[in-house]
Structure formats: C-alpha cells, structure tokens
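Below is one structure; the comments refer to it alone.
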Amino acid sequence: MQLALGHQTTGRFCGGNKLLVLFLFATLQIYSIAAQRSCYQCEGINCLRSTYQSVETCSNGVDICATVYDGSTIQAQGCLGNLAKHLRTKCDSDDADDLPECHKCNENLCNKWAAYVFECVQCDSSSDSKCSNNVDALQPTRCPISRTANMYCFATKDGSRVVRGCTSTLEEQRACLASDKCEMCDPSELGACNGVRADGGDGGGDGGGGNNNSTSVPPTEKPQPSAGPTIEFSIASCWVILVAYLCKLL
C-alpha cells in the first residue's frame with residue numbers, strides 16, 4: 001500500500017510539475033551553451049597574416065581548441081571538431097609528446113601557441129631568482145604564435161635584473177636588436193637557446209650584451225598544457241538528468 005502510494009505521489013509530482021521539468025531542462029541547455037568554448041580560427045594563408053584574427057564558438061561543450069602546424073608553419077586554428085579531417089589526424093593522440101604538429105587545449109582562446117620547436121625560457125629575476133643564478137632549473141615553455149617571418153628567444157640583463165622570453169612581434173625583435181643589453185637566438189636551431197647563465201658561466205655567458213639601454217621586451221605569458229576533450233557537468237545538470245530519469249521510470 002505504501003509503495004503504491006509512493007508511486008502515485010511521484011507520478012503526481014512528475015505529471016503536475018511539467019513546468020519544473022522543462023525549467024530544469026532549460027537550465028541544462030544553458031549550462032551546455034556556457035560550456036562551449038571559443039577558439040582562435042584561421043586556415044591556410046590567413047594564419048600567416050599579421051592583421052588577420054578570427055574567433056569561432058565550438059558547436060558543443062566537449063569540443064576543444066587546437067592549432068595544427070606543418071613544421072613551424074601554422075596550417076589551421078579553431079575548434080578541433082571543425083578542422084578538416086586530414087588536419088585532425090595530426091591531433092589524434094592525447095599525449096602531448098606524440099603531437100609535434102598539433103597543440104590541443106581546453107580553455108577559451110587557448111590555441112595561441114607556436115609549434116613545439118619554439119620553446120624559450122620565460123622568466124624575470126625580479127620575481128624568480130633562478131632566472132639569473134640557476135636558469136638550468138627552469139623549464140622552457142612554448143612561445144605565443146608569431147606573425148613574423150622568424151621566432152626568436154631573447155635574454156636581457158639590466159643591472160642585476162635578468163629577463164628571458166620570446167620575441168613574437170617585429171616590435172619586440174627590433175627593441176632587442178637596438179639594445180646593447182639584449183641578445184636573441186633561434187630556438188629551432190637550439191632548443192631553449194636563451195637559457196644562458198647571466199653570470200657568464202656554462203651555457204653561453206651573459207644574458208645580454210652589456211652596456212647602456214635595456215630592452216622593453218617583457219616576458220610572455222606561459223601556455224596551458226595540452227589536453228584532450230573534457231566534459232563539464234555542474235551539480236544542476238546532474239539534478240536535471242536525475243529528475244528526468246525518475247519521471248521516465250515512473
């Protein structure tokens with residue numbers, strides 16, 4: 001008797017509260033839309049133009065952002081699910097070490113990093129003393145995508161301050177070239193080539209040339225690690241699914 005009463009009560013709840021169920025489903029839809037990611041988007045020659053920038057919204061909440069390279073040249077950027085099939089195959093592995101021509105990430109507008117060969121030590125001794133006296137302990141990280149013909153690492157020394165990073169714009173490269181205290185090197189020839197000792201020890205000598213004007217090139221933002229697809233569920237979404245399932249059973 002109690003079981004039957006409970007069944008009738010639940011049935012009345014599900015039948016008499018259709019608006020609540022519809023509201024919960026609407027909530028799920030809102031959360032699904034909110035989970036959708038925005039990614040930088042380009043293809044072919046547009047990826048090489050310094051004036052071109054486009055953003056697309058992925059079609060569902062489980063898609064991720066990606067950048068695909070041909071060597072050091074960018075072939076395409078965008079939501080992984082929207083890339084051409086022959087480009088997506090470069091992103092098949094979830095192991096970042098197995099993706100020399102693809103970078104995947106699961107944050108908004110995160111597909112902004114150059115190919116893996118463009119890694120530089122990125123630090124500032126004013127916030128990390130290892131930047132000047134223990135640079136070997138620092139891990140090089142990817143540089144932002146460059147719209148210039150070449151990407152370089154830099155190291156500059158102004159008094160006791162040492163700054164290392166990437167030069168991904170012509171302005172940054174010109175600023176370094178104009179400074180006696182800044183040096184640039186090509187990371188595609190020697191990985192993390194700006195990881196030199198500011199005290200002139202092993203690894204390449206002074207972090208800069210050493211006279212008057214210091215460069216204004218700042219250390220760059222560090223990239224998020226590569227990642228495969230993720231599914232984002234909120235507590236509200238779980239309740240929606242549970243209520244819908246109970247109502248279907250009863």
Side-chain angles (χ1 to χ4, degrees), residues 39-54 65-78 87 90-91 96-97 99-105 109-124 131 135 138-158 162-198 203-211 213-224 226:
C39 307
Y40 290 113
Q41 185 274 333
C42 70
E43 187 173 355
I45 189 64
N46 283 331
C47 296
L48 306 179
R49 292 174 175 163
S50 59
T51 57
Y52 183 84
Q53 181 168 303
S54 178
C65 300
T67 301
V68 177
Y69 317 93
D70 179 11
S72 60
T73 302
I74 302 171
Q75 285 189 296
Q77 292 175 278
L87 297 175
K90 294 187 176 185
C91 303
D97 294 333
L99 298 174
E101 294 189 308
C102 175
H103 175 249
K104 300 187 293 185
C105 53
L109 303 179
C110 60
N111 59 330
K112 54 186 176 181
W113 306 107
Y116 79 104
V117 294
F118 293 121
E119 290 189 332
C120 303
V121 176
Q122 302 181 56
C123 63
D124 188 331
C131 195
V135 68
L138 297 176
Q139 182 71 26
T141 50
R142 280 187 176 183
C143 296
I145 286 172
S146 174
R147 304 298 184 187
T148 64
N150 299 292
M151 168 73 75
Y152 298 102
C153 300
F154 79 89
T156 183
K157 186 178 182 182
D158 183 15
V162 177
V163 178
R164 308 177 195 273
C166 309
T167 59
S168 55
T169 67
L170 284 175
E171 290 75 15
E172 291 173 346
Q173 294 172 7
R174 288 168 179 164
C176 189
L177 288 173
S179 173
D180 292 333
K181 295 187 175 182
C182 184
E183 292 181 349
M184 294 190 301
C185 57
D186 188 343
S188 65
E189 295 181 357
L190 177 63
C193 59
N194 66 334
V196 296
R197 298 283 293 276
D206 199 287
N211 279 327
N213 299 321
S214 63
T215 180
S216 60
V217 180
T220 50
E221 179 188 356
K222 295 184 180 181
Q224 298 292 324
S226 297

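Predicted model only: the values in this text are computed from it and were never measured. Reckoned from all heavy atoms, side chains included, excluding hydrogens, waters and symmetry mates.
We find the CE-OG distance between M184 and S179 to be 10.5 Å, quoted to the nearest 0.5 Å. Annotation: the span from E43 atom CD to S54 atom OG amounts to 11.5 Å, rounded to 0.5 Å. Atoms CG and CG, on D158 and D180 in that order, are 11.5 Å from each other to the nearest 0.5 Å. The SG atom of C143 sits 14.0 Å away from the OH atom of Y116 when rounded to the nearest 0.5 Å. In this structure, R174 CZ and L170 CG are separated by 5.0 Å, a value rounded to the nearest 0.5 Å.
At least one side-chain heavy atom of F154 sits under 4.5 Å from a side-chain heavy atom of V163. Contact of the R142 side chain with the F118 side chain is not registered, since no non-hydrogen atoms from C-beta on lie closer than 4.5 Å. For the pair Q77/Q41, no side-chain contact is recorded, criterion being any heavy-atom separation below 4.5 Å from C-beta on. Put simply, the side chain of P144 reaches to within 4.5 Å of the side chain of W113, judged on heavy atoms. Residues V68 and C91 meet the side-chain proximity criterion, which asks for heavy atoms closer than 4.5 Å. Counting heavy atoms from C-beta outward, T67 and I74 have side chains that approach closer than 4.5 Å. Considering only heavy atoms from C-beta on, Q75 stays 4.5 Å or farther from C47 through its side chain. Residues Y69 and K90 are not in side-chain contact: their nearest non-hydrogen atoms beyond the backbone lie 4.5 Å or more apart.
Here the two cysteines C153 and C185 have their SG atoms 2.5 angstrom or farther apart. For the cysteine pair C110 and C65, the distance separating the two SG atoms is not below 2.5 Å. SG atoms of C120 and C193 are separated by 2.5 angstrom or more, inconsistent with a disulfide link.
Formation of a donor-acceptor pair under 3.5 Å by the N194 side chain with backbone atoms of V121 is found in this model. The backbone N or O of Q53 sits nowhere less than 3.5 Å from a side-chain atom of Y40 that would complete a donor-acceptor pair. Checked by atom type and distance alone, the side chain of S168 never pairs as donor or acceptor with a backbone atom of S146 at under 3.5 Å. A donor-acceptor contact shorter than 3.5 Å links the side chain of Q173 to the backbone of N150.
Taking all atoms of both residues into account, the shortest heavy-atom contact from T167 to M151 is O-SD, 3.5 Å. In terms of heavy atoms, A66 sits closest to N111 at O-ND2, 3.1 Å.
For CD of E101, the number of neighbouring non-hydrogen atoms (other residues, nucleotides, ligands) closer than 6.0 Å is greater than 12.
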